[in-house]
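Written out below as structure tokens is the structure these notes cover.
So that the names make sense, note that chain A is the first sequence line, chain B the second, and so on, each numbered from 1.
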Amino acid sequence: MSGLATFLLVLLAMAALLRVDFFFYLLYLLAGLVVLGRLWAQHAAHAVASERQHPRRVFWGERPWVRLTVRNKGLLPLLWLQVHDSVPIQLRSPNFYQAVLSLGPHERVTLSYQLDCHRRGYYSLGPLTLQSGDLLGTARIDLSHATPDTLVVYPRIIPFTGVRLPSRALYGSLPSRQRIFEDPSRVMGLRDYAPGDSPRHIAWKASAACGRLQVRRYEPTVALDTTIFVDLCRGSYSPMRLWVATELAIVTAASLANWLVERRQAVGLGTNGRDPLLPGDGGATATETLPYPPTMLPRKGRPALTHILDLLARVEMVDGIGLPALLRRETRRLGWGSTVVAITGRVDEGLFEALAALRRSGFSLALISVDPSAQFQAVRRRAAQLGVPAFEVWEEADLERGALALGGWP
Amino acid sequence: MTAPRRSSDCPAPAPGAFRRSDALRIPLIASMMAAIALSAGQLASRVFPGFDPALLALMAFLAGLEGIAGDRLARQFPEASIRLRLHFSEWVVLLAALRLVLSLSQGPEAFAAQAIGWWAHPHTLLDGGLVAAGVLLATVWWLGIQMSRCLEALGPEADTPPPNDSAAFYAWLTRPLEDRPGEARERLSRLIFAGATLLLLMSGLARLDLQLALSLRHPAVAGIVGNALLYFLLGFVLLAQGHYASLQARWQRQQVPVGKVLGRRWAVLGIVFALGVALLALLLPVRPSLALFGAAFRAIWGLFVVVGQAGLAAVAAVAYLLEMLLRLLRLFPATESAAPPPPAMPAPQPVPQAPPTGWWEAIQGLVLWAVLAAVVVYGATRFVRERRGLWGMLVAQGGPLAWLARLAAAAGRRLAGLRRAAAARWRGVAERARVPGHAAALRPRLRWLRPRTLREHVWLLYLQTLQETARAGHPRAPADTPYEYARRAAPQLPEASEELQRMTEAFVSARYGPHDPAPADLAPLRAAYRRLRRACRHLLAAGRDSG
């Protein structure tokens, strides 16, 4: 308040010169109003505590509520308090929430606002800034409550009707058309004995009941231990579809992982993108030494899916190593016969060489292109020569239509 | 706690229109104007006994109300001529009413006599009283209008935001804003303080004996100045409400939801806080403050008396010596007449004695000292708390006293260094001034009084080098480049040829090089300059001896 100090001095001088008792009283009154008002505002504002409550992980498309609890821990009432909570622009527009309150002693107020989670990602909420002041506007108090609140928005998961992925792993739970993968623990019926049948498969009780030899028929199953490799190298995508295609790759990987976990299969994930939580992520330099998140080996169950979705939510595109190099490095630890699904935008000869090497090593392979070019049929033919089914996904609607269940062969 | 509502839900009024809050604000402003006029009336009643100050206060109240309403009405018209005519007619009515009030305040008989006089001599309508009261009325009229305008500017803006889902909404939300409420609030506070100063001045003058006003020895004036208290409380209410209105305007611009209880709580807490502070202020004593200022004034007065008496004694001594001298020269006639009797000292005025201190004043004194001690302790605590490392550093360096001693020693060294530098500079200036033609050249060099850069240090050393070599009889020709001059002068100065070469290289590097010289290079350069100067002076002395 401009002129207040000058006026106080003038008032003091007049009180001293004119020697009017009451002027001193007015001086005390005015000084008290200003000084005590400032002290009141400062002490009351520093006694404010805040807490933010929200779900830590949400699925794509959800609209979670964030609840801000503002509490006055002190005995002095808080005249006014402006609450400003910063929110990433991807989750809310405008990218903040504001409210003005007045808090009595020990009063607690809960404020709520909704987020719109339509972009997967790893977001920080806050900081929460509080602003207060006194009655006359002589003091302004700014406080910042920087709480490390994070929110993970999972990528969109599209339910599949079916996926045709090859596998060579025995004794799984997925039915197979190849009879060599019969599981002796899954009896699916009986038939008459034929020469060449193993005596161990003869059902003696049924044979006695029928009066002729019967053998058990077993269900052919495979285990689909799958590791999904998502290519997030910037150079693997056409510039026109860079953002769309990388997001489509992540949606495809998340949907595939979800489908596999629902069928109780083990699933893992590898990517050459950048995880912002990794220390020393180093920025986007096109060097071979750029770190990437460690590849998750195939695991079963919901916890494994949660970890995969967490990483897929966080991971970002980067100018890093290409998918062929990633496959060569990270498939060394995978078990023989497990399935490797490569999701990428650009399919070139280098990738085919890497796939051929993996094929020779005994892996079952599948190739999904999310940025297919006009020559995709040629790519598919070339992949078929290697025994690799190749799928093309142009948009999310393709996944909904069952693009991964249609074969992948020319 | 109810959910906050958006502050923009209420439609913003048009500029100049009356709002619901004006029903409180305008009478408040008019009451403050009446409080000022009451003080002026009390002062006038000292000069004109029988004058009723309440009538002037009533006039000021009405003029305040009318002025604010008239101003808002006039601002509805864009044409200046219409506004001027409105204000003119307004002031004709105000002055006529003031004339009637001033005359009626002297009684019905006097009013009747004056009315007859006005009929016969219309110029008697305008007298000194009317002019003085008119000036006062104009002051409070203007003050009230300005306060009202400030409060109006503190309110919500008239523009309505575009719909939330439109493309223009974000541009509207992030548009650059003038700090209109902030400026208006500052202006409002200045106006209130100006009015308070006027009021207090007139109230104080109305309560003391004008003859003793400047002596500070008049007795303290006790009693409550009701109109001043009213003005201050109303001013506090206006400032608090103005601040609230400016915050509301800001929140409205930012589309911030505001809690419903905020306005009511603001009013209640403001009233409770003001009453609490008023009661607390009542506990504080006034007389100790008066005594403090009285003691300070007596000290200043005593100092003034001592200085004055010393001056008088000095004048008397000079006069006595002069008289003796004149007598000695027989220029001063000897007077036989007796010295005139000393003037009679005026009888000291009786100083009213303060009443004996009672228990209530003792409690008040204790409260005052407790408040002062609390302020000092609080300030010291905050000072130390905000500088956490300070105390530890002081203790680590031997305690505060040792630190103070070191500080004083460092300050002493610094002062001594400054004194030496000033003396050296003065000697240099004096020496240069003695050289013919250097006085004129000295003037541009006043720029060296400012702190020099490192480059300038080197330039100065080189220029001083040139002065020394010139004194030694080897001046630099205007066409010489530095290196040419060094090559030419080096054989003449065999003892200082290395130093001259070094100074030349340093100068060329500092003058034309891309980088500043290092601070560590200055000391060797200065040493080289001193060696060169010594060599030049030896050469000069040798030349004199041989000559």
CG of A:Leu33 to CZ of B:Phe232, rounded to nearest 0.5 Å, is 10.0 Å
Distance, nearest 0.5 Å, that separates CG of B:Leu233 from CG of A:Leu29 | 6.5 Å
Please flag which part of B:Leu201 lies under 4.5 Å from any non-hydrogen atom of chain A: side chain, backbone, both or neither.
-> both
Nearest heavy-atom pair of A:Leu135 and B:Gly270: which atoms, and what distance?
-> CD1-CA, 3.6 Å
Parallel, tilted or perpendicular for A:His43 and B:Tyr378, by the 30°/60° rule?
-> tilted
What closest approach, in Å, do B:Trp266 and A:Trp80 show between heavy atoms, and which atom pair accounts for it?
-> CZ3-CD1, 3.2 Å
Rounded to the nearest 0.5 Å, how far does CG of A:Leu4 lie from CD of B:Glu186?
-> 10.0 Å
With side chain to side chain donor-acceptor pair (under 3.5 Å) as the test, would you mind laying out the steps for A:Gln98 and B:Gln255 before giving the verdict?
-> CA-CA 8 Å; A:Gln98 288 184 315; B:Gln255 296 273 298; over 6 Å; no
At what distance, to the nearest 0.5 angstrom, does CZ of B:Phe273 lie from CG of A:Asp134?
-> 8.0 Å
For residues B:Leu269 and A:Trp40, determine if any side-chain heavy atom of one lies less than 4.5 Å from a side-chain heavy atom of the other.
-> yes
How about B:Arg250 and A:Gln82: do any of their side-chain heavy atoms sit closer than 4.5 Å?
-> yes
Contacts of A:Thr150 meeting side chain to side chain contact (heavy atoms under 4.5 Å, CB included) (sequence neighbours excluded), chain-then-number -> A:Tyr122, A:Ser124
So, the part of A:Leu27 with a heavy atom under 4.5 Å from chain B: the answer is neither
With rounding to the nearest 0.5 Å, note down the distance linking CG in B:Leu200 to CZ in A:Phe23.
-> 4.5 Å
Selection from A:Leu79, A:Leu30, A:Leu12 maximising heavy-atom pairs under 4.5 Å formed with chain B | A:Leu79
Atom group of B:Ala196 that falls short of 4.5 Å from chain A, counting heavy atoms = both
More than 12 non-hydrogen atoms from neighbouring residues, nucleotides or ligands closer than 6.0 Å to NE2 on A:His46, yes or no?
-> no
Are A:Thr6 and B:Phe193 side-chain neighbours, meaning at least one heavy-atom pair lies under 4.5 Å?
-> no
OG1 of A:Thr138 to NE2 of B:His243: how many Å apart, nearest 0.5 Å?
-> 8.0 Å
Is the number of heavy atoms from other residues, nucleotides or ligands under 6.0 Å of A:Tyr113 OH greater than 12?
-> yes
Around B:Arg264, counting heavy atoms of other residues, nucleotides and ligands shown, do more than 12 lie under 6.0 Å from its CZ?
-> no
Residue pair B:Ala278 / A:Tyr25: nearest heavy atoms and the distance that separates them = O-OH, 2.9 Å
Taking the side chain as every heavy atom from C-beta outward, state whether B:Leu229 and A:Phe22 have any pair of such atoms under 4.5 Å apart.
-> yes
Quickly, which of B:Leu280, B:Leu284, B:Val277 forms a side chain to side chain contact (heavy atoms under 4.5 Å, CB included) with A:Tyr28? Name it, please.
-> B:Leu284
Heavy-atom nearest pair, A:Leu26 first then B:Ala228, reads CD1-CB, 3.8 Å
Below 4.5 Å, heavy atoms only, C-beta onward: do B:Thr197 and A:Met14 meet side chain to side chain?
-> yes
